[in-house]
Amino acid sequence: MNEIIRNTQSSVTHTSLDPQDWSEFRALAHRMLDETIDGIANIRARPVWQPIPDGVRAAFKADVPREASDLADVYRDFSEHVAPYATGNVHAGFMGWVHGGGTAVGVVAEMLAAGLNANLGGRDHMPIEVERQVVDWMRRLFAFPESASGIFVTGTSMANLMAVLVARTSALGTLARQYGIGNDGALLTAYTSQAAHGCVSRAMDIAGLGTDALRKVGVDADHRMDVAALRAQIAIDRDVGFKPFLVVASAGTVDIGAVDDLKAIAELCREEGIWFHVDGAFGALAIFSPELAPLLGGIELADSIALDFHKWGQVPYDAGFLLVRDSEQHRQAFAQPAAYLRREARGLAAGAVWPCDLGPDLSRGFRALKTWFTLKTFGTNRLGAVIARSCALAKYLETRVLAEPRLELLAPVNLNIVCFRYRAADEVNREIVADIQESGIAAPSSTTLDGRFAIRAAIVNHRTEESDIDALVAAVLEFGGRRSGGVIEVEAPPLAAQ
Ligand SMILES: *Cc1c(COP(=O)(O)O)cnc(C)c1O
């Protein structure tokens with residue numbers, strides 16, 4: 001017995017996970033920070049992306065690490081096997097998908113957040129006030145009332161799902177949280193455009209309303225929701241007894257960056273008594289740019305807005321956000337009484353409403369800190385200038401495409417996304433995209449527009465310059481020439497000629 005206690009006690013002194021030698025740890029930690037900073041500062045010396053060699057993939061696989069390893073060895077494993085084979089979105093040549101570039105400021109803010117190891121589910125501590133501060137800034141930028149609420153989440157997929165849930169509870173009443181959606185819930189219908197992000201449909205699925213209850217309204221030539229068709233569809237659904245409850249408009253579609261007519265949709269929603277949600281995943285932060293903000297006219301009328309700081313906001317992943325006009329409706333969709341989450345008037349359990357009342361998560365990290373650091377350090381004017389600059393670079397790429405007979409523009413350039421193709425078969429264009437990615441010169445992505453394969457360049461990274469656009473164009477022409485053997489099929493006239 002005594003033996004057991006003695007053994008337990010002696011092992012207790014070794015159970016802390018703190019370093020046994022702080023100065024050794026400190027030296028290594030400083031080296032990690034230095035090498036992280038060097039990696040960002042010298043990012044152009046590296047390929048944008050490189051395929052993972054089979055040997056690296058194999059060497060990385062390991063058994064469950066039951067025994068301890070030296071931190072230096074673990075770090076070497078990371079440096080050799082993980083860091084060189086990342087997505088590449090830190091690089092100026094990354095134009096694939098809508099990925100933010102991150103910043104050095106974001107790196108250190110993440111480190112500081114980890115140091116506090118704060119849990120932002122609730123309770124009365126200053127990290128929650130940091131989140132509330134960012135909520136207040138966003139509320140002001142979008143001209144929402146003081147009573148608005150907001151919350152950090154993983155990304156816009158989650159924020160859109162939460163908006164569907166808030167709108168659902170608002171339509172059915174809070175009893176639906178107890179009884180389920182019932183017969184009334186089965187009649188709810190939601191509306192978005194054919195160009196909306198796929199996560200809107202997934203949100204309807206996860207919310208238990210079903211993807212069939214989401215009507216995909218047609219778009220015009222600029223990929224904006226056809227508001228007359230929306231109105232007509234709502235009327236048809238009402239006539240047969242459905243209950244239209246939600247419209248999800250896009251502020252920056254994922255394919256070409258189109259912004260729906262938010263003002264017209266807001267008015268229609270008001271007339272119809274329908275919840276008006278805006279998926280502003282990347283586009284909503286154009287609000288930072290005085291030049292671009294007018295494109296978002298009407299967003300201030302939304303009932304809720306979903307956006308990502310990790311895209312155009314350049315905050316490191318992940319930092320999604322949901323803003324809701326009516327905090328009471330927001331709270332009613334998620335708040336739950338629980339004895340262990342009792343709120344008090346004073347002490348650490350004070351300070352309700354807590355973030356756990358505003359979303360599905362209880363334990364939550366300190367996403368707000370890296371966002372607060374980013375917004376304060378750069379200021380929204382400078383971040384807005386970065387956003388405007390990426391739109392100007394997209395226009396520059398558009399000009400290069402229109403001036404080059406071997407290339408064809410496939411969609412109007414609204415914000416920061418350019419869809420084009422080499423004048424050759426879809427298959428050739430598919431190869432061109434993969435060739436460029438594997439070359440490490442740039443990383444475009446692809447999409448399909450009107451049934452045709454498009455090379456898609458989304459300019460999001462604050463490091464991207466004209467020379468990066470030139471390198472992309474040169475690479476498309478080079479690989480296109482090689483892949484098509486110099487044969488150029490002339491297809492439909494470019495948009496410029498229409
Ligand atoms: C990126 C994006 C999403 C999804 O956001 P995540 O942060 O990846 O979850 C939704 N809608 C649009 C328009 C997007 O661009």
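Counting convention: from 1, in listed order, for ligands and their atoms alike.
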Enquirer: Got more than 12 heavy atoms from elsewhere within 6.0 Å of CZ, Arg132?
Expert: yes
Enquirer: Taking NZ, NE, NH1 and NH2 as the nitrogens, is one of them in Arg139 or Asp136 under 4.0 Å from a carboxylate oxygen of the other?
Expert: yes
Enquirer: For Phe321, which of Thr156, Asp308, Leu307 qualifies under side-chain contact (heavy atoms from CB on, under 4.5 Å)?
Expert: Leu307
Enquirer: Considering only heavy atoms, which protein residues lie less than 4.0 Å from any atom of ligand 1?
Expert: Gly155, Thr156, Ser157, His197, Cys199, Gly252, Val254, Asp279, Ala281, Phe282, Asp308, His310, Lys311
Enquirer: Do the rings of Phe144 and Phe142 sit parallel, tilted or perpendicular, given the 30° and 60° boundaries?
Expert: perpendicular
Enquirer: When you check the gap from the basic side-chain N to the acidic O, do Glu267 and Arg270 get nearer than 4.0 Å?
Expert: no
Enquirer: Looking at Arg421 and Asp426, does any basic side-chain N land under 4.0 Å from a carboxylate oxygen?
Expert: yes
